[in-house]
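To start, the structure under review is shown below, and the notes come after it.
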There are 2 protein chains.
Amino acid sequence: MNVNSGGVMAYIRLKDIAEKANVSINTVSRALKDQDDIGVETKKRIQEIADDLGYIPNASASQLRTKSNKMIGVVITHMDNAFYARILQGINDAVADLGYTILALSSGENLDKENTILKTLIANRVDGTIIVPSCDLENTLDYDHLGVPHITIVRKGNRNSRSYFISDSLESGRIAARHFYSIGRKNPAYIGFDLPVSCNRDRLQGFQQNLEEFGIPLLSERVMHCPATHKAAYEQATDLLRRDTKIDSIFVYNDIMSLGVLRAIHDLGLSIPSDIRILGHDDISDAHFYTPSLSSIRVPKYRLGYDSATELVGIIRDSSFPQRNVTYQPELIIRET
Amino acid sequence: MNVNSGGVMAYIRLKDIAEKANVSINTVSRALKDQDDIGVETKKRIQEIADDLGYIPNASASQLRTKSNKMIGVVITHMDNAFYARILQGINDAVADLGYTILALSSGENLDKENTILKTLIANRVDGTIIVPSCDLENTLDYDHLGVPHITIVRKGNRNSRSYFISDSLESGRIAARHFYSIGRKNPAYIGFDLPVSCNRDRLQGFQQNLEEFGIPLLSERVMHCPATHKAAYEQATDLLRRDTKIDSIFVYNDIMSLGVLRAIHDLGLSIPSDIRILGHDDISDAHFYTPSLSSIRVPKYRLGYDSATELVGIIRDSSFPQRNVTYQPELIIRET
DNA sequence: GGACCAGGATCTGACGTCTTA
DNA sequence: GTAAGACGTCAGATCCTGGTC
């Protein structure tokens with residue numbers, strides 16, 4: 001930091017260091033990058049001066065020149081959602097080690113907003129993007145023409161994007177069906193997410209198909225959809241269980257909604273697991289501590305984030321890097337519900 | 001997007017638009033900003049061409065020239081924490097309306113990492129920062145010399161930063177004491193956060209002092225500290241309650257830890273509220289749905305984020321903007337625990 | 001008919017860094 | 001080790017053109 005003629009704070013520039021060290025700007029630039037075509041002495045002296053002055057390079061200037069700002073754009077649907085928060089953590093940890101910073105924004109599952117966000121990311125000339133396509137079944141955004149490498153996660157994106165890292169939702173549905181069958185439940189229900197996303201469609205489809213193979217029908221009046229909140233799920237479950245007292249098991253779209261469902265069951269005076277069994281999805285860290293502790297289908301959230309980010313950096317660094325699609329297998333975690 | 005001579009994708013520049021429109025670069029620049037010293041016809045024509053070409057301005061170039069990139073840096077301790085996630089939402093909503101984007105990073109309550117993050121934010125020449133000082137009681141980072149306006153939130157920062165937006169933690173402690181007193185509990189305990197942060201110190205202090213005024217001692221062996229996780233709190237509570245069966249009420253640092261405490265009590269076969277009562281803090285959205293539903297002390301998270309961000313933008317836009325300190329009053333929410 | 005004016009567009013240079021010679 | 005120039009954008013000054021008084 002500096003105080004210039006106007007009395008206003010100004011950032012230290014290479015030029016300031018150069019003047020103090022009596023060398024050219026260029027020499028300073030190279031010295032601070034620890035390049036080796038420069039005298040050891042000079043280099044050391046310059047680095048000390050830079051430290052003294054508290055020099056912090058201007059990323060904008062650097063990006064303008066080098067076309068890279070070491071930033072990865074991330075678009076997720078919701079920040080305040082344990083599932084995505086955990087994925088984000090994985091992404092962050094992966095890229096931090098590789099010298100990148102993430103610019104993460106949330107779309108709120110809104111296509112217009114997602115589009116705006118993508119423009120913001122491009123305006124900032126991020127080196128690559130990781131995207132959770134909002135409402136993927138109706139999403140027509142064209143990620144391939146963003147001009148930067150991208151990977152979609154959690155959902156493929158409607159155009160079958162070049163590279164995606166997802167969890168197998170069909171399999172999640174099948175796992176749920178197998179689970180309910182194996183514990184002898186014959187009257188299952190499904191409480192899903194009310195937006196056009198493939199994970200909801202696939203989970204329901206896998207659930208339904210596999211149940212049928214076991215000779216268990218999934219009645220259409222036992223399939224409901226609502227927003228992914230505690231409250232909405234609470235209301236939906238209350239309604240469902242009041243209407244239909246035969247239901248003995250519910251597969252719920254995610255753990256956040258499951259918490260609402262658990263509470264609804266409690267308030268209705270039903271008991272878990274004797275009257276009814278609940279299976280959530282995602283296995284967020286809270287699930288283990290709910291009362292009763294929630295059975296769930298685990299998705300490797302952190303790893304999905306970490307791996308996809310590592311892959312993206314690979315693509316950024318070497319455009320001939322082979323594009324991969326990775327599908328993780330979910331895992332059944334049985335607890336008290 | 002463009003394909004240049006090398007066959008590589010390149011972003012559209014003002015120059016490309018200028019050539020197509022047969023005007024100077026500058027005219028394009030002004031036209032796209034909808035400035036009024038330009039012919040209406042020309043302006044419209046230029047805007048259409050820009051649209052056609054899918055022009056997205058280069059924020060780095062713009063920042064280099066104007067010294068502003070419309071970004072606000074945000075440093076919080078943890079992304080995957082409902083309390084901070086909600087604050088972040090407030091910040092995001094506030095600045096989005098004002099044309100700013102947030103660059104949010106998490107320190108993990110680690111001073112070195114916080115320092116690194118601040119450097120990253122400065123390197124990106126953000127227009128201002130909102131900071132949750134990690135380990136504020138031992139934090140010696142000097143925010144006043146960052147070179148950009150800043151506001152600290154949740155915690156003041158050890159240097160009594162110029163402007164802060166916090167919740168009154170002393171009052172939280174007092175509220176807890178009053179609450180336990182009013183329901184006739186005489187053997188309270190406190191499970192706190194094991195890092196040197198003022199909110200923990202103040203809550204404990206307010207709690208203890210007020211209890212004493214009511215003639216209720218807070219025994220030192222009933223005050224424990226641990227990491228802010230479900231698991232650590234579960235273990236701590238289990239340990240505490242096994243050791244000391246007289247405890248009839250626990251004030252817990254936050255709701256995340258409270259969930260672990262609730263579960264510990266359940267596993268020990270104790271009942272809530274007859275045997276023991278629990279009071280959490282923050283009132284995260286889950287609390288209402290826990291079983292039993294968690295009594296908590298509400299902090300206006302969203303508003304704290306929204307207001308502080310609005311304030312910061314005010315300061316950025318007008319450096320003579322009066323600097324304020326805002327302290328929100330927490331509110332007792334009594335539920336089943 | 002010359003001086004003046006305003007609107008509309010252009011020219012020049014600079015921001016801080018880094019590559020090329 | 002240096003010097004020169006470029007990256008894309010934008011502020012400020014400059015230069016037109018045609019119209020008025």
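Just so it is clear: chains get the letters A, B, ... in the order the sequence lines come, proteins before strands, and each one is counted from 1.
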Listing for DNA chain D: consecutive Watson-Crick or G-U pair runs of at least 3, distance cutoff 3.5 Å, ranges ordered by first number, gives C:2-21 with D:2-21

Of B:I25 and B:R65, the one whose closest nucleotide on DNA chain C sits nearer the 5' end is B:I25

Distance in Å, A:D93 CG paired with A:D97 CG, rounded so as to fall on 0.5 Å steps
7.0 Å

Hey, does the Lys NZ or Arg CZ of A:R125 hover above the aromatic six-ring of B:Y11, less than 6.0 Å from the centre and inside 45° of the axis?
yes

Lys/Arg N to Asp/Glu carboxylate O, A:K43 vs A:D34, below 4.0 Å
yes

Given the options B:E114, B:R155, B:E109, B:S134 meets side-chain hydrogen bond (donor to acceptor under 3.5 Å, both in side chains) only with B:E114

Could you tell me whether B:S62 contacts a base, only the sugar-phosphate backbone, or nothing, with contacts defined as non-hydrogen atoms closer than 4.0 Å?
sugar-phosphate

side-chain N/O B:K33 vs D:dC10 OP1/OP2, d < 4.0 Å:
yes

Using only modelled atom types and a 3.5 angstrom limit, is any donor from either the side chain of B:R30 or the base of D:dG12 paired with an acceptor on the other?
yes

Testing the basics here: between A:I91 and A:G305, what is the closest heavy-atom pair and its distance to 0.1 Å?
CG1-O, 3.5 Å

Looking at B:E41, I'd like to know if its CD atom is crowded, meaning that more than 12 non-hydrogen atoms belonging to other residues, nucleotides or ligands lie closer than 6.0 Å.
no

Using OP1 and OP2 only, check whether a side-chain N or O of A:K67 sits under 4.0 Å from D:dG8.
yes

Judged by nearest nucleotide, the residue sitting upstream toward the 5' end of DNA chain C, A:N26 or B:L64, is B:L64

Where along residues 34-46 of chain A does a heavy atom come under 4.0 Å from DNA chain C, residue by residue in number order?
none

